[in-house]
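Values reported hereafter were calculated over all heavy atoms of this structure, with side chains retained and with hydrogens, waters and symmetry mates removed. Ligands are counted one by one from 1 in listed order, and the atoms in each one are counted from 1 as well.
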Amino acid sequence: MKVIEADNVYPWEGSIKVPQEGEFIKLREDRTLIVPDRPIIPYIEGDGIGCEITPAMILVINTAVEKAYNGSKRIVWVEALAGDKAEEKTGERLPQETLDILKEAVVSIKGPLGTPVGKGVKSINSILRRSFDFYSAVRPVYWMGQPAPIPDPERVDLVVFRENTDDVYAGVEFFPGTEEAKKVREFLLKEMGAKEEGFPEDVGITVKPMSEFKTKRHVRKALRYALENGKKNVAVIGKGNIMKATEGAFINWAFEVAQEPEFRDRVVTDPEAEPGEGQVKLTKVITDQMLMQLVLRPEAYDVIIAENLNGDYVSDLAAALIGGPGFVPSGNIGDGYALFESTHGTAWDIAGKWIANPLSLTLSGAMMLEYIGWKEAAEKVYQAVREALADRIGTPDIANGFKKMGLQAKELGTIEFAKEIAARIQ
Ligand code: NAI
């Protein structure tokens, strides 16, 4: 860790240092968190711009925690390696000690990780997702004053819950012209009633499995979030009209969850009824309709529950409405375990210039603070980011956005911008 001088940051030095001053977050049997006042939080810098935006994030989060709790709480940051840096230092892209500390610490944060192009190279992101069963990708999308492509981006304030283990992430594919595709095609034609016209000899076939268990645990997480955070309008989306066995089932399972004892009295499913105090309303919306609604009436939705592929489309469109993925945080969340991360990639084209926008990772840090129950500190981050953007300062992508709108703006490097945000934390 260059740049940031902080005595609560323990960089990797030949191995992971677990400092005496910190304690690990623990999980109760019901998978809720026990958070000590000095939680050890591992951070993975990530590739490309990762080593630039990570210290920026730590600077802002440390300042917010200090101001919110006057030293009675503080994060103990411990570096874990993954990606290029891990390969260079240890010969492995995802060392076992990284997996071990992420498990022990329960909650952690990472910058972007690149996947080298080539056969047989596994994506670290997907290994992490599978290792910790992060079954919900949670993306809050809200506007903080940055340049955006629509005139009234304040209408967007929603959270996308994207299922993270099922559907195309679990699917199998058979490429056209292969023996496998031929075999599957013959099986479908001879034994499963498929028709020749839909399956000519040159087909490629993708199988997308979706399961009741995986869907329901994801839906429960989203409904609990909506109820705990006073979000009223929850939509479950899918192309259930076309893919009845998978996306149709996803929607039906969501409504079954709404009938479970935990939710029955608190989730309104009658399309004509309005949710009362302490209740949410669950509606179903066809995916293409939702994409259109997001552009026309984004204020109508507070939480969107999606399976994997639809969740991908919807979260990117929602992010675009408020200015792009550079402003959107994200969390990969399972049963208690959580890994927060920036939504953009490694941005190799600007790496090394110290001009990367640190907001996606910084807001992911704030989301992490909320997740561990340190809401006062998270709120301070949001407030300071809003103020900095209102003052029209930011990295070149932000400043240029303002300039394109005919507004003056001050261009800053990654760390200078983070310092300006930190200076606005009261
Ligand atoms: P990218 O997000 O890295 O870059 C796309 C464009 O956005 C580039 O012009 C870049 O300069 C710009 N950009 C991205 N982040 C920025 C920031 N913070 N500030 C200013 N400009 C920013 O997407 P790309 O090129 O498709 O992916 C590059 C690598 O990143 C790939 O190896 C990909 O697999 C990986 N990736 C990793 C993710 C993760 O770890 N969660 C997510 C997305 C991509």
Side-chain angles (χ1 to χ4, degrees), residues 43-57 60 80-87 93-94 98 102 108-119 121-132 134 136-139 144 146-147 149 160 162 164 169 308 311-313 315-316 319-320 322-333 338-365 367-368 385 388-389 393-404 409 411-418 421:
Y43 66 91
I44 295 171
E45 276 184 0
D47 301 329
I49 58 171
C51 62
E52 302 165 34
I53 57 176
T54 299
M57 177 276 292
V60 174
L81 299 188
D84 293 345
K85 189 168 178 182
E87 189 160 19
R93 292 190 67 75
L94 183 59
T98 294
L102 296 192
S108 43
I109 187 161
K110 68 176 266 294
L113 289 167
T115 306
V117 184
K119 262 201 161 166
V121 182
K122 285 198 183 124
S123 148
I124 295 174
N125 291 323
S126 70
I127 299 173
L128 290 172
R129 198 167 51 230
R130 258 176 288 159
S131 304
F132 293 91
F134 292 132
S136 297
V138 183
R139 278 204 195 173
M144 308 207 87
Q146 67 272 22
V160 180
R162 173 188 178 196
N164 221 10
Y169 270 6
N308 190 271
D312 200 11
Y313 303 144
S315 45
D316 276 15
I322 57 104
F327 302 94
V328 178
S330 107
N332 299 291
I333 305 181
L339 174 63
F340 295 85
E341 66 173 339
S342 49
T343 47
H344 53 75
T346 52
W348 275 110
D349 52 337
I350 56 165
K353 296 184 181 162
W354 292 86
I355 55 165
N357 176 354
L359 286 185
S360 174
L361 190 64
T362 302
L363 295 172
S364 301
M367 189 181 172
M368 181 181 80
V385 170
L389 291 169
I393 56 170
T395 43
D397 57 317
I398 298 174
N400 288 335
F402 281 126
K403 286 176 193 162
K404 272 193 206 146
E411 206 171 289
L412 298 171
T414 306
I415 298 297
E416 290 70 38
F417 184 38
I421 296 169

Pairing of Arg139 and Asp316 as salt bridge, 4.0 angstrom limit: yes

Member of Thr395, Ile355, Thr414 meeting the side chain to side chain contact (heavy atoms under 4.5 Å, CB included) criterion with Ile350: Ile355

Sorted by chain and number, the residues that approach ligand 1 to under 4.0 Å with a heavy atom: Ile49, Lys110, Pro112, Leu113, Gly114, Thr115, Asn125, Glu341, Thr343, His344, Gly345, Thr346, Ala347, Asp349, Ile350, Ala356, Asn357

Beyond-backbone contact of Ser360 with Ile53, side-chain heavy atoms, under 4.5 angstrom: no

Partners meeting salt bridge (Lys or Arg N to Asp or Glu O under 4.0 Å) with Lys403 (sequence neighbours left out):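 Applying salt bridge (Lys or Arg N to Asp or Glu O under 4.0 Å) to Lys403 gives Glu411.
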
Salt bridge (Lys or Arg N to Asp or Glu O under 4.0 Å) partners for Asp84, two or more places apart: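 If we apply the salt bridge (Lys or Arg N to Asp or Glu O under 4.0 Å) test to Asp84, skipping adjacent residues, the hits are Arg93.
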
Any residue meeting side chain to side chain contact (heavy atoms under 4.5 Å, CB included) with Ala409, in chain and number order, not counting sequence neighbours: Arg392, Ala399, Phe402

